[in-house]
Amino acid sequence: MAPRYLTGDAAGLKSFLDKFDVVFLFDCDGVLWSGDYLFPGTVETLELLRGRGKQVVFVTNNSTKSRVDYQKKLTGLGIPSNPEEIFCSSYSASIYISRILKLPADKRKVFVIGETGIEQELRSENVPFIGGTDPALRRDITPEDYKRIAAGDDPSVIDPEVGVVLVGLDFHINYLKIALAYHYVKRGAIFLATNIDSTLPSSGSLFPGAGSMSAPLIMMLGQDPVALGKPSQAMMDAIEGKFHFDRSRACMVGDRLNTDIRFGIEGKLGGTLAVLTGVSSKEEILTGTVQPAAYLDKLSDLLEAES
Ligand SMILES: O=C(O)[C@H](O)[C@H](O)COP(=O)(O)O
Ligand SMILES: [Mg+2]
């Protein structure tokens, strides 16, 4: 069935909303905000849903912040929330490493490409890590680095306890970090990614996404990472584990077809709703292989259900 266009259709909106009386899973970047710009009507829309007794859960692939950081951002933007209602890909990845992967005792360390969100969530799961925001890696590679990385016998350069390489959105990505990550995987480390989004919506435009951080490694290694963010169902299972909801009465709201909408469809949720304020275009929604049940120009069009 073709996706239903619900903007301006108050009756259609109302019947769509009434189908999902349990949980609304909300993507963040491109749905609630674009970078630090909060889309008008977002606060009122979430109040409308909560006012109708619907549980709102925030599900973001953006690994640069932790759940606590997101709570601060949401609160700062006038959206009440608690960390229990927030799922981010850095949390999903940390849970996977600490509770699913059975790493040998001498290979428990993670080499991180990414920002503080990953570091905080790894710490919350007592997972040791190196790299990440370490200022020692925010530099050009040197002739000495080549020799020492290739030799691999200096633990201060190639740490023998690294058993995982985890790649997320890194605003300080560079040649040295990619080289180190490559050599860790070549030495047997497991190749993981928080998420594979190719682009990041910000300031109403698109910028390099987490997927473009792992792309050089995928090319060098000829191997894809295990990605723990949407559409991975590991995240859906974690959400269901916390909220115990009836999936057929739940709806996923997102701006990206190959992560958000696929997440809802593969998660067998009752509905999926796309908005046109982020990554995916109307044309992609109408002609793509992954299609939402319905779509809107923007999230706040949901307020028309009240009229
Ligand atoms: O590059 C990225 O990591 C993504 O573009 C960003 O994380 C998307 O976040 P979301 O839309 O899932 O909130
Ligand atoms: Mg998004």
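The analysis underlying the following values was restricted to heavy atoms, covering all of them including side chains, and did not include hydrogens, waters or symmetry mates. Each ligand, and each atom within it, is numbered from 1 in the order the structure gives.
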- Task: List the steps, then state whether salt bridge (charged side-chain N to carboxylate O under 4.0 Å, His left out) holds for D145 with R139.
- Result: CA-CA 11 Å; D145 289 323; R139 62 176 178 80; 2.7 Å; yes

- Heavy atoms of K54 and L17 approach each other most closely as NZ-O, 3.1 Å

- Query: Around atom CD of E283, are there more than 12 heavy atoms of other residues, nucleotides or ligands at under 6.0 Å?
  - Reply: no

- Query: Is there a side-chain contact between L32 and F58, using heavy atoms and a 4.5 Å cut-off?
  - Reply: yes

- Task: Could you tally the protein N/O/S atoms lying less than 2.8 Å away from the Mg ion (ligand 2)?
- Result: 3

- Query: Are there more than 12 heavy atoms of other residues, nucleotides or ligands under 6.0 Å from atom CG of D140?
  - Reply: no

- Please state whether the rings of F111 and Y184 are parallel, tilted or perpendicular, taking 30° and 60° as the class boundaries. tilted

- Task: Dump the intermediate steps for side chain to side chain donor-acceptor pair (under 3.5 Å) on Q71 and N82, then the final yes or no.
- Result: CA-CA 6 Å; Q71 192 208 3; N82 68 62; over 6 Å; no

- Heavy-atom side-chain proximity of I190 to L103 below 4.5 angstrom: yes

Starting from the N and O atoms of ligand 1, find every protein N or O within less than 3.5 Å and list the pair with its distance.
unit_1, atom_1, unit_2, atom_2, d
ligand 1, 1 (O), A210, N, 2.7
ligand 1, 3 (O), N195, ND2, 2.9
ligand 1, 5 (O), T199, O, 2.6
ligand 1, 7 (O), N62, N, 3.0
ligand 1, 9 (O), D29, OD2, 3.0
ligand 1, 11 (O), D27, OD1, 2.7
ligand 1, 11 (O), D27, OD2, 3.0
ligand 1, 11 (O), D29, O, 3.0
ligand 1, 12 (O), D27, OD1, 2.7
ligand 1, 12 (O), N61, N, 2.7
ligand 1, 12 (O), K230, NZ, 2.8
ligand 1, 13 (O), D27, OD1, 2.9
ligand 1, 13 (O), C28, N, 3.3
ligand 1, 13 (O), D29, N, 2.9
ligand 1, 13 (O), T60, OG1, 2.6

- Item | K230/D27 salt bridge by N-O under 4.0 Å criterion | yes

